[in-house]
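Computed from a prediction, not measured in an experiment: that's the story for all the values here.
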Amino acid sequence: MSTSDHSAAPASFAVSVPDVPDAELEADDLDPDQIVSGDPVVTGKVLWESADGKQLRGIWQITPGVVTDIEANELFVVVSGRATIEVEGGATLEVGPGSACVLREGDKTTWTVHETLRKAYHISY
C-alpha cells in the first residue's frame, strides 16, 4: 500500500503485524548522536498517513541497543521483543508483547532494547 496515493488506500484495513516480513520494512536512519550503546538498527513501514501529514500509522522495529529520542504523541502496542523505556522526569516503562503504551510529545526517552522490538503505532503531530 503506497502512503503517497491516499485515494488508493482503503478507509479501513487490517494487517498482521507479526507476519510482515523484515524484507518489507524500510531502513530508518538513526542519528548517531541518539545511540548510547550497541549497534541498533531501526526499520519500519508507514501503513497510512493523513493527507496533512500530521498522523501516521505503521510498524516500527529496533534491534538491541540503547538509544535516546524525543517523542511525538504516540500510542503503540508491542507485538514482539522487550525494552525498558525511561522517560526523563517520569516513569520507567517495561514493555513486551501486548504492552499498550502512550508517549507524549516532547518526552525525552532512553530506550534499552533487550530483544528486537516490533510495535504497531499511531503518531499525531
Side-chain angles (χ1 to χ4, degrees):
M1 172 182 332
S2 168
T3 59
S4 59
D5 182 5
H6 299 289
S7 62
S12 300
F13 64 90
V15 61
S16 178
V17 176
D19 295 336
V20 173
D22 288 346
E24 289 186 24
L25 301 179
E26 301 164 2
D28 188 2
D29 292 332
L30 190 58
D31 182 339
D33 291 339
Q34 289 181 267
I35 299 172
V36 175
S37 68
D39 190 21
V41 175
V42 173
T43 55
K45 181 174 186 160
V46 174
L47 300 173
W48 176 85
E49 181 176 346
S50 64
D52 63 5
K54 292 186 178 185
Q55 295 186 65
L56 300 169
R57 295 176 187 153
I59 301 168
W60 184 85
Q61 182 170 284
I62 185 168
T63 61
V66 180
V67 299
T68 60
D69 201 8
I70 298 176
E71 304 296 337
N73 284 320
E74 180 178 6
L75 166 66
F76 67 87
V77 176
V78 176
V79 177
S80 61
R82 289 185 323 103
T84 302
I85 306 167
E86 297 175 57
V87 180
E88 186 177 290
T92 297
L93 312 172
E94 297 292 337
V95 300
S99 296
C101 305
V102 173
L103 297 172
R104 296 171 301 170
E105 183 173 9
D107 278 349
K108 294 179 182 178
T109 56
T110 301
W111 292 64
T112 302
V113 181
H114 310 291
E115 298 170 4
T116 297
L117 184 130
R118 181 178 284 207
K119 66 182 182 177
Y121 67 84
H122 176 93
I123 293 175
S124 300
Y125 293 102

So how far is it from Leu75 CG to Tyr121 OH, rounded to the nearest 0.5 Å? 12.5 Å
Name all pairs fulfilling the side chain to side chain donor-acceptor pair (under 3.5 Å) condition that reach into residues 85-97, sequence neighbours left out, sorted by first residue then second. Thr84-Glu94
Not counting sequence neighbours, which residues clear side chain to side chain donor-acceptor pair (under 3.5 Å) with Arg118? List them please. Asp22, Gln61
Please report the closest heavy-atom contact between His114 and Pro64, naming both atoms and the distance. O-CG, 3.9 Å
Measure across Ser80 and Pro97 and return the closest heavy-atom pair with its distance rounded to 0.1 Å. CA-CG, 4.0 Å
Using a 3.5 Å cut-off and no angle test, enumerate the donor-acceptor pairs between side-chain atoms of residues 32-41 and protein atoms at least two apart in sequence or in another chain.
| residue | atom | partner | partner atom | Å |
| --- | --- | --- | --- | --- |
| Gln34 | OE1 | Asp31 | N | 3.4 |
| Gln34 | NE2 | Thr68 | O | 2.7 |
| Gln34 | NE2 | Asp69 | OD1 | 3.4 |

Cluster overlap Val42 with Val78, hydrophobic side-chain contacts below 4.5 Å: yes
Under a 4.5 Å side-chain heavy-atom rule over Ile, Leu, Val, Met, Phe, Trp and Tyr, are Val113 and Val77 clustered together? no
Glu24 meets the side-chain contact (heavy atoms from CB on, under 4.5 Å) criterion, sequence neighbours left out, with Val20, Pro21, Lys45
Can you measure from OG1 (Thr109) to CG (Leu93) and round to the nearest 0.5 angstrom? 9.5 Å
Is there side-chain contact between Tyr125 and Glu105, with at least one heavy-atom pair below 4.5 Å? no
Minimum side-chain heavy-atom gap Ile123-Phe76 below 4.5 Å: no
Heavy-atom side-chain proximity of Ile59 to Val79 below 4.5 angstrom: no
Shared ILVMFWY cluster between Val66 and Leu117, side chains joined below 4.5 angstrom? no
Residues forming a side-chain contact (heavy atoms from CB on, under 4.5 Å) with Asp52, sequence neighbours excluded: Ser50, Lys54
Remaining members of the apolar cluster that contains Ile70, side-chain heavy atoms under 4.5 Å: none
If we only count heavy atoms from C-beta on, is the Glu26 to Asp28 side-chain gap below 4.5 Å? no
Specify the closest pair of heavy atoms between Arg104 and Glu71, including all atoms of both residues, with the distance to one decimal. O-CB, 3.7 Å
